[in-house]
Amino acid sequence: MSTPVFDPPALKPGTLRVTPLGGLGEVGRNMAMYEFDGKILIVDCGVLFPEEHQPGVDLILPDMEPLRGRLGDVVGLVLTHGHEDHIGAVPYLLRMRQDIPLYGSKLTLALTAAKLKEHRITPVAHVVREGERRTVGSFDLEFVAVNHSIPDALAVAIRTEAGLALHTGDFKMDQLPLDGRLTDLRAFARLGEEGVDLFLPDSTNAEVPGFTPTERQIGPVIDQVMSKTTGRVIVASFSSHVHRVQQVIDAAHANGRRVALLGRSMVRNMTIAQQLGYLDVPEGTLVDYKKSGDIPDSQIVYMSTGSQGEPMAVLSRMANLDHAIEPGEGDTVILASSLIPGNENAVYRVIDGLTKLGAHVVHKANAKVHVSGHAAAGELLYCYNILQPKNVLPVHGEYRHLMANATIARDAGVPEAATFIAENGTSIDLKDGEAWVSGQLDLGFVYVDGSTVGAITDADLKDRRVLGEEGFVSVIVVVDAKTGKIITGPEIHARGIAEDDKVFDKVKPKIVKALEDAAQKGVRDNHALSQVVRRTIGRWVSQSLRRRPMIVPLVIEA
């Protein structure tokens, strides 16, 4: 899908404009901008994790360029829950303006504050609860409890004179949640009676038929795996998945095992969850990793990060024997998480590496050790029937997920013209129950690479891919500044190419001939001569070696 770029007109009085800055066409970078009466409300501010074709990138941020000249108009940032794809980019937004007020549940804001502390930012934070209403600038906000794979998730109903918008955040409708906190369908029904003018639902599982299984099905499976394991148990999960860590702690306690947390983010998040009462830890169950070596293998569980195959995370380092804990015969590794699209290859490499070391690997494909945190098609259909929204903008998902969600909406009676398949940067205007596309901003990826933010471009990533996949060839030639004749060279060096440098002896005469021809034509410009060298060796390498390496020619005048 490629929508022509066009700027939306000036926003008319009494009209609400919604512009997703991230999270559409991808699983991550969730961020939406609501504009009314000259003021801006932001919902979520998350990151996207890089894929293999983005080498060297640490994080990918939403494109916040539309906010840059209007930071003074931002009245608040609502955070629906504490997952990285919804809070991970908050530090980068607050670098632009530190006093933007944050609104979210107790756990969500605690996790965000811990992240901001690493960036030396103290937020202006306002804790809200389900059922609470707040006036923030021109926006009347109501917070609604929703069930997800992290405690304290909230949907937000946004009221303005233009109408009522309901933004779910990530949610599902687990009827037997571990913490007893249900998605508040009574509140949904009440909002439906009031009239939902624009519904922005989570689309991640819209392709999946039926209903998402309950979290309670996972605990017994983890318990059973632990009871059968004679060696160490290593469980990998998202560092913020409090419910899953609770199940691991419960199973460990029942099987006479102690638990050591591995990974900086895992330790940080679970410490916060325990302090705030979201994680119930039996006395003596948790043990410091540094003291875990004295505990027999049959009595220890390691709870780690790295369930997505991240190369620097604990589990990947274990698989590569680059960690103090080296899995082997008798050990069991449980990957208690879903596969984020794009991470499949990395995860299977880790599974293969662990299996080669002799460990037994349990994952979603061979045991029920994870259920999704997102509503499946049946749950979404219930929501549409309860809410009966006038307009729908599916969010949070790749294009096929958005399409599947839109199809469910239409099946439930939402008119096709009122169902919007948008992309990042699409502006949807709303007034008096009617919605329409008003513009399409030109937004891109913002890459965090080490200490730089936004300095790396897609062209730089292409160069990195070429270097990694095809290799590098440098050619140095010294020419007479007056005559253009070659004094020294060409000297050719290659890296990342299997052939010996001597293979390039065959192309040197071709480079000499090409430069002599250029000299006879009066070409003296260094850049032009460098291009002659690049084209000559590029054609030869492509035809002879079947490679397309990065070629760096250097022509020096003497």
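Reckoned from all heavy atoms, side chains included, excluding hydrogens, waters and symmetry mates. Along the sequence shown, residues are numbered consecutively beginning with 1.
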- Just do the side chain to side chain contact (heavy atoms under 4.5 Å, CB included) check on S149 and E215 with the steps written out, would you? CA-CA 8 Å; S149 55; E215 292 277 352; 4.2 Å; yes

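- Expressed to the nearest 0.5 Å, how far CZ of F139 lies from OH of Y103 amounts to 11.5 Å.
- Looking at E193 and R190, no side-chain N of the basic residue comes within less than 4.0 Å of a carboxylate O on the acidic one, giving no salt bridge.
- With 3.5 Å as the limit, one finds no donor-acceptor pair spanning the side chains of N205 and E379.
- With rounding to the nearest 0.5 Å, the separation of CE in M266 from CE in M303 is 4.0 Å.
- For the residue pair D170 / H86, a side-chain donor-acceptor distance below 3.5 Å is found, with atom types taken as modelled.
- Of the charged side-chain nitrogens involved, at least one lies within less than 4.0 Å of a carboxylate oxygen, so that R400 and E207 count as a salt-bridged pair.
- One finds the OG atom of S427 at 9.0 Å from the CG atom of L11 (value rounded to the nearest 0.5 Å).
- Between F199 and Y384, the angle of the ring planes goes over 60°, which puts this pair in the perpendicular group of the 30/60° scheme.
- Residues G195 and L164 approach most closely at O-CD2, 3.4 Å, considering heavy atoms.
- With hydrogens and angles left out, the side-chain atoms of D44 and T80 include a donor and acceptor closer than 3.5 Å.
- Note that CD1 of I421 is 5.5 Å distant from CE of M403, once rounded to the nearest 0.5 Å.
- In the model, H374 has no side-chain atom that pairs as donor or acceptor with a side-chain atom of H396 under 3.5 Å.
- Residue H148 forms a ring pair (Phe, Tyr, Trp, His ring centres under 6.0 Å) with just one option from H243, H81, H241, and that option is H81.
- For E161, the CD atom is loosely surrounded, since the number of other residues' heavy atoms within 6.0 Å does not exceed 12.
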